[in-house]
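Residues take their numbers from the sequence shown, with the count starting at 1.
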Amino acid sequence: MACRFSELVIKCRDPEVLARFWCEVLDFAEIDRAAEGCIEIGPREGFGGPQPTIFLIRNDEPRNGRARLHIDVNPTDRNQDAELERLLAAGAELVDIGQPAEASWHVLADPEGNEFCLLRRRLDPL
């Protein structure tokens with residue numbers, strides 16, 4: 001058997017804001033508050049399913065450069081354009097990191113500027 005991602009950790013200035021944002025984007029719920037300034041969010045059925053949970057950990061250190069890892073998301077119940085509208089309404093912003101104009105994805109940033117990509121629908125609903 002191989003490993004799989006079980007948790008992702010995101011250091012951030014405001015875990016509350018990012019928890020609300022990513023819960024809205026992924027249809028997740030708050031699972032736990034492990035410590036002061038640490039919120040775990042994940043699938044509504046809880047830890048251990050096919051999707052990893054996300055730990056949002058308070059960190060006041062300034063971000064230094066572009067992230068070396070980013071998240072790609074796929075719409076599961078609507079097309080890419082409708083999902084883009086929903087993500088922008090939730091607080092995401094379109095960003096230009098030099099992607100080609102004809103790219104099949106959109107590059108966005110969460111409320112703290114962490115880049116992620118919205119791909120065309122590639123996954124079936126869970």
Please round to the nearest 0.5 Å and tell me the distance separating atom CD of E16 and atom CZ of R20.
-> 6.0 Å

For F116, which residues count as a ring pair (Phe, Tyr, Trp, His ring centres under 6.0 Å) partner, sequence neighbours excluded?
-> W22

At what distance, to the nearest 0.5 angstrom, does CG of L26 lie from CD1 of I54?
-> 5.5 Å

State plainly whether the residues E61 and K11 are in salt-bridge range, i.e. N to O under 4.0 Å.
-> no

Looking only at heavy atoms, the pair that brings P75 and R120 closest together is CD-C, 4.3 Å

D27: partners by side-chain contact (heavy atoms from CB on, under 4.5 Å), with sequence neighbours left out = R44

Taking side-chain hydrogen bond (donor to acceptor under 3.5 Å, both in side chains) as the test, write out the residues that go with N59, two or more places apart.
-> none

Is the shortest heavy-atom distance from the side chain of L108 to the side chain of L118 under 4.5 Å?
-> yes

For R78, all residues meeting side-chain hydrogen bond (donor to acceptor under 3.5 Å, both in side chains), sequence neighbours excluded = E83

Find the distance between CD1 (I71) and CG (D110) and round it off to the nearest 0.5 Å.
-> 8.0 Å

With the 4.5 Å side-chain cut-off for hydrophobic clustering, are V17 and L88 part of the same group?
-> no

Considering only Ile, Leu, Val, Met, Phe, Trp and Tyr, and joining two whenever side-chain heavy atoms are under 4.5 Å apart, list the other residues clustered with F55.
-> V9, I57

State which residues pass side-chain contact (heavy atoms from CB on, under 4.5 Å) with P43; sequence neighbours excluded, sorted by chain then number.
-> F28, E45, Q51, T53

Rounded distance (nearest 0.5 Å) linking atom CD of Q80 with atom CG of L87 | 10.0 Å

Could I get the full list of salt bridge (Lys or Arg N to Asp or Glu O under 4.0 Å) partners for E30, not counting sequence neighbours?
-> R33

side-chain hydrogen bond (donor to acceptor under 3.5 Å, both in side chains) involving E7 - partner list, sequence neighbours excluded = none

Partners passing side-chain contact (heavy atoms from CB on, under 4.5 Å) against R58 (at least two apart in sequence or in another chain) | P15, D60

Rounded to the nearest 0.5 Å, what separation is found between the CD1 atom of I10 and the CD1 atom of I39?
-> 12.0 Å

How would you list, by chain and number, every residue that makes a side-chain contact (heavy atoms from CB on, under 4.5 Å) with C117, sequence neighbours excluded?
-> H70, D72, W105, V107, L119

With sequence neighbours excluded, what pairs up with E115 under the side-chain hydrogen bond (donor to acceptor under 3.5 Å, both in side chains) test?
-> R63

Return a table of donor-acceptor pairs under 3.5 angstrom between the side chains of residues 91-103 and protein atoms on other chains or two or more places apart.
unit_1: D96; atom_1: OD1; unit_2: G98; atom_2: N; d: 2.7
unit_1: Q99; atom_1: OE1; unit_2: I97; atom_2: N; d: 2.8
unit_1: Q99; atom_1: NE2; unit_2: V95; atom_2: O; d: 3.0

In this structure, CZ of R13 is separated from CG of L18 (nearest 0.5 Å) by 8.5 Å

